[in-house]
Every structure is written in structure tokens, then in C-alpha cells.
Amino acid sequence: MKMRLTLFVAILSLITAFTPAALADDDTIITIEGSGWGHGVGMSQYGAYGRALPIEDGGGGQTATEILNFYYPTASITTDTLPEDLKVHIFSGLGAELETSGEISIKNSQDEIFATLTDPTTLTVNISSANNSIEINDGNENLCIEDNENGTINHCLNEPISIDLIEGEPVSTDVISQFTDIGTSGNSYQWGSLTFRYRTFAGGGIYVMLENLPMDKYLYGLAEVPPSWPSAALESQAIAGRTYAYKRVLSRRANAAWTVPWDIYSTVNDQHYTGYTNETGSYFNNWKAAVDITSDTILSISGNPITTYYSSSNGGFSAAGSYVFCTTSNYPCNDISYLPAQQDDFDHIGNPYATWTRNYTGEELGRWIADSSLGGVGDVTGLRLSGDHGTSGRTDHVDITIIGSNGTVTTKGDSFMAIVNSGLTDEGRGLTEQILSTKYFFPNFALTDKRIHQDYANFLPPGWIGAETNDKFGTSFTQGDFNGDQSKDIVIGAPGESIGGITSAGIIHAIYGGTGGIDNNSAFYQGEGGWPGVPESGDGFGSAVAAGDFNGDGFDDLIVGSPGESVNGLENAGIITISYGTANGLETAEILHQDTNWVAGIAHADD
């Protein structure tokens, strides 16, 4: 009796630990726990910070070379002659508003000056409704139009229209009616040429770009990490950012399918570039020094720059590029040697995104799912994960089964994240509520009466009777992660369960952790679903259970004891059944006993 009570309390404690606190009784709350921010491939910026931090401050005391060798292990740090004429997309909109801070000259497509403004001025750039060409208005007139004795000249009929920027006299830019969120408005620039081109997609408008931008001047405006970080972290970021830009310039200029007029986006679609705005910070000289000291330095393999992916945080384990950037139709993809999955012991240092938790109601999730291409399922009541998490434990190629009050749909883990974040964005809700990476799992395990028993609907196979006298449900209990979804699963034995009138044959119940509740379970007994053996009276299948990763494949496995099983005619000799964990849970199983060749001992009756 004492053992039975202890087991019940252990089960009850586990369920309570899985149940979100302070929830309304009539609400389904879905909890998502995760780690990291971003795709997790390549360098972790917070990991680089932790590695660069002095040892006495809890960091690794590493140099930029050591940091980059860890995150891009097969690449070499080399130098190269880099392009000095980058083209950066700032934004696309119906127009732009400019604020000049000094003298500017405006040039036509032939690089000829047609207007000079000596004083700070507000300019509006858009498409003229009169002649469907670019116009630049200073509040009094369209500077593109010149009237003389020979007639009217429109200097802005052909693109690009440009302003050569002058160091120390930045020009600020604000978009008018931006077409997409791929753009950065409100920043100032002092390097290269600020150019305006005709937008070639439906809706018209203009592209606002920087052209003829030297590589290191581009890097000055890269706002990827705080410039107050240790110099080794800044140098690592400068080399990674330079290599990324160089690789993008080479590949896009060589790609006939790349038809837009820029090399690089100013957003995190490529790298976060804010220009002069980034150069005005109090620690900018630290960042400038990192860029200058690493000038022309890149990461390459066989003389070619690599794609130096990086993200804010990998959550303690960098993701393989071959996992994250592999399309579903091509999965699995070949490994990328310089972008491996590997444990990162420094990612958590000073990192507010090392771990995070999000809570959503079932109604909220149902609303966002309905607004997506998946269609409505009603209020979401549960979520399940199955499939390949990759070495780093991410969900990009994991199937997320979304269980709703009106149906069930399935999508991939990265798509589920995108659906949730899109719904939040549409409702004006920000980063603190979003899913930050695909390295997440569902810890919820909530029961209505805080107990597990066999009277729950769908807990036993169809047509079976629920709790009965002498089932002995709860005699044994263990926990493990049998499907690799990073949520604890539990197994409960009921060795007194009758199977088709065969008394005390025994059964076990595997209940998979993660949102979905008790419905996410499987019942196993001998002779069912590929499990070996035949149920016999008194076998006591499930009298003892134990879990562990016995074959080293990353999934916990299950051992089930049947002490009453006969072996070669020897009654009560006893056996164990071992079932190996997989991405789909417990599937294949085999029987072992003391007459198995490699098992020590000899089977006897009543062993």
C-alpha cells in the first residue's frame, strides 16, 4: 500500500508540474517553451559575446580567430580584394521624404548635376501624376523640371536619379507608403550615392537605394551587435558581416534570375544596416576599429567566400545549415561542412533570449490558424510533435499536429511559428509574445481533475471497459522522452488488466508529453501492434517499467517486466520486453529472458 501511494503521488506531482499555473478553468492555455532567437545556423552573436568575454568575467577569453574557427570550422580566415560599389536597398514605397543637413547636388542618369541646394532642405520624392515620372519637390517646385528658351526639360525621365553623399553632411530618409516590410525607414546616410529608381512591380512607386558604397563604409552602418561588446566579438561580427555581403554580391550579380537593381537588403533579410544612424552611437569607435582592423578579411573555402550565416542566439546548440535551409521536398540535404550542428556552451551568457516561454489561449491559436492557409479547426485544444528534430532539437522538419474543437490539421514547425508570429504582428503584438526560434517544444500536460485513471475517454482501446477491480493501474511508473520532442513522456503499468477475458495479462499506457493532454496516448499489450508475445493469464505485463537510451540513438527506450511469463514451459520464469524510442514514439519491441543467448543466467520456474 505504501508503494502504491508513493507511485500515485509521483504521478500526481508530475501532472501538476506540467499544468500551467493560474489559468481560467474555461480556457485552454497552450504553453510553448523555447530557446534562442533566429535560425541558429553559423555564429551565435550572443555566443560570440560569451566567448570573447574575459575568463574572469565568466566568458571564454577567446580571440576572433578562435570564435570564427568554432562557428565555421572548415573555413579559413583570408584576405581578398573586395567590391567598393555595393548597392543596398533602403526601402520601396510610393515616395520618400528627405532631410538634408548641408549642400547637395542632384544628378540625372547621365551623372550630370541639374540642381544644387546649399542649405538644409526638406525634399519629397515621388512619381508625378502629371507625367508619370520621378519628381523631387522642395516645397516650391519640382526640381526635375527645367524651363528654358528651348522648351521644357525633364531631368528625371530616366533612372537613376542620385545624390552623392558627403561625409559629415548626412541625408535622412523616410518612406511614404511602404509596399512591404522589407525596408528601413527613418535612417540617415553619409556614404555612397543616395539613388532613386523606378519600382518595376504593380503599384509603381520608387526604389530608394545606396549605390557606389565601399565595403567597409557599408560595415560602419551595420547595426547587428552592440558596439560596447568585447573587441573579439566585434571583430568576429565584422568578418562574418563582410563575408556575408561579399558572397551575396558575387552570387547575385552572377545570377541572371536576380533582376532587382540592388545587391543587398538593409533588413534582416540580409543584414541590419542603418547607415549613419549606427555611426552616431557613443561606442561607435569600438565598432569602427573592429571593421578597420579586419579590413579585407573574410572567411573562405578553396579561395571562395562562404555564406556566413549568423543569428542572435542558437539556444545553446547551433543548427546544421543542411537542416534549417533544406526544403521539405529535398529533405534530408547533404551536410554543409562549415555550418554544423554543435553544442555551444557560451550562448547563454548575458543572453535574454537563452530561454523563453509563451502562453496562448486555444481561441487565439484557432483564430490565427483560421487566418492562414491551413483553414479553421475551431479553438485549439492540443498540439503534437513528430518527426526529425535534427541534432540541435529544432522543429523545422517536425510535423505539428494541431488539434481543434472542429478538426485537425498538420504543418511543419517553421510554418507553425510563422503563422503564430503573423497573427501576433497583425494584432500589433511584439517580440515579447512571438515565438523566437524553431527550437521549441510544448510542455503542457493538463488534466481536468489532476489525476490519471483508465476512465478517461480514449485512454483504452475502443470498446474496452475503463477502470476495473484488480487492474492494478499505477503499479509501475517511469518517464522518458520516447519520441525526441524534448517533452517528458510517462508510462504507467496496469499488470492486473484483463485482455479479452484473460485475467492479469497486463497492459501499459504511454502518455506523450507536450500539449494534447491525455488524449495523446497509446496502450500496449502482448500480441498487439507488433509487440511480441501472447497475453496469458498471470503474465503481469507492466509489473515493472524502466526507461533510458539503451541503444544510444538519442531517443529514450522502454523496458517492461512480465514476471509471470512462462519461458520454455517454465512457469513464472519471467521476461522483459524492450521497445525502442523513435520520432513516432514507441514502435518496435523485442523480448529478452534468461535463456536468451547473451543474457546471463538460466531460466527457472518462479524466477
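All values reported here derive from a predicted model rather than from experimental measurement.
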Could you walk me through whether Ser44 and Tyr49 pass the side chain to side chain contact (heavy atoms under 4.5 Å, CB included) test, one step at a time?
-> CA-CA 9 Å; Ser44 159; Tyr49 167 80; over 6 Å; no
Between atom OG of Ser579 and atom CG of Asp557, what is the distance when rounded to the nearest 0.5 Å?
->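 One gets 7.5 Å once the value is rounded to the nearest 0.5 Å.
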Interatomic distance, Asn269 atom CG to Ile264 atom CD1 [nearest 0.5 angstrom] |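 Taking CG in Asn269 and CD1 in Ile264, the distance rounds to 12.5 Å.
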Which residue pairs satisfy the salt bridge (Lys or Arg N to Asp or Glu O under 4.0 Å) criterion with at least one member in residues 337-359, sequence neighbours excluded?
->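 The answer is Arg51-Asp344.
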Can you see whether [X] engages [Y] through a side-chain donor-acceptor pair at a distance of less than 3.5 angstrom?
X      : Y      : answer
Trp368 : Glu427 : yes
Ser322 : Asp335 : yes
Tyr512 : Asn483 : no
Thr274 : Asn187 : no
Tyr71  : Ser236 : no
Gln45  : Glu224 : yes
Arg242 : Tyr246 : no
Gln271 : Tyr218 : yes
Thr401 : Arg384 : no
Ser337 : Thr74  : yes
Ser266 : Thr184 : yes

Taking 4.0 angstrom as the limit, do [X] and [Y] come out as a salt bridge?
X      : Y      : value
Asp270 : Lys247 : no
Asp263 : Arg253 : yes
Asp399 : Lys412 : yes

Check against ring-ring contact (aromatic ring centres under 6.0 Å, His included), Trp287 and Tyr220 = CA-CA 7 Å; Trp287 172 241; Tyr220 286 169; 8.6 Å; no
Ring-face cation of Arg199 near Phe179 (centre distance under 6.0 Å, axis angle within 45°) =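 Judged by the rule (NZ or CZ under 6.0 Å from the ring centre, within 45° of its axis), Arg199 counts as positioned above Phe179.
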Run the side chain to side chain contact (heavy atoms under 4.5 Å, CB included) check on Ile403 and Val377 step by step: do they pass?
-> CA-CA 7 Å; Ile403 307 158; Val377 295; over 6 Å; no
Please tell me if the side chains of Leu385 and Ile400 come closer than 4.5 Å, counting only heavy atoms from C-beta onward.
->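 The answer is yes, as the side chains (C-beta and beyond) meet within the 4.5 Å cut-off.
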Look at the rings of Trp262 and Trp258 and say which category their plane angle falls in: under 30° parallel, 30 to 60° tilted, over 60° perpendicular.
->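 Trp262 vs Trp258 ring planes: perpendicular.
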Criterion side chain to side chain donor-acceptor pair (under 3.5 Å) on Asp396 and Thr438, from CA distance to verdict | CA-CA 6 Å; Asp396 300 67; Thr438 57; 2.6 Å; yes
CA sep, side-chain torsions, deciding dist, call: Ser35, Tyr353, side chain to side chain contact (heavy atoms under 4.5 Å, CB included) = CA-CA 7 Å; Ser35 53; Tyr353 310 107; over 6 Å; no
Please walk me through it: do Tyr189 and Ile90 pass side chain to side chain contact (heavy atoms under 4.5 Å, CB included)?
-> CA-CA 10 Å; Tyr189 307 95; Ile90 304 302; 3.4 Å; yes
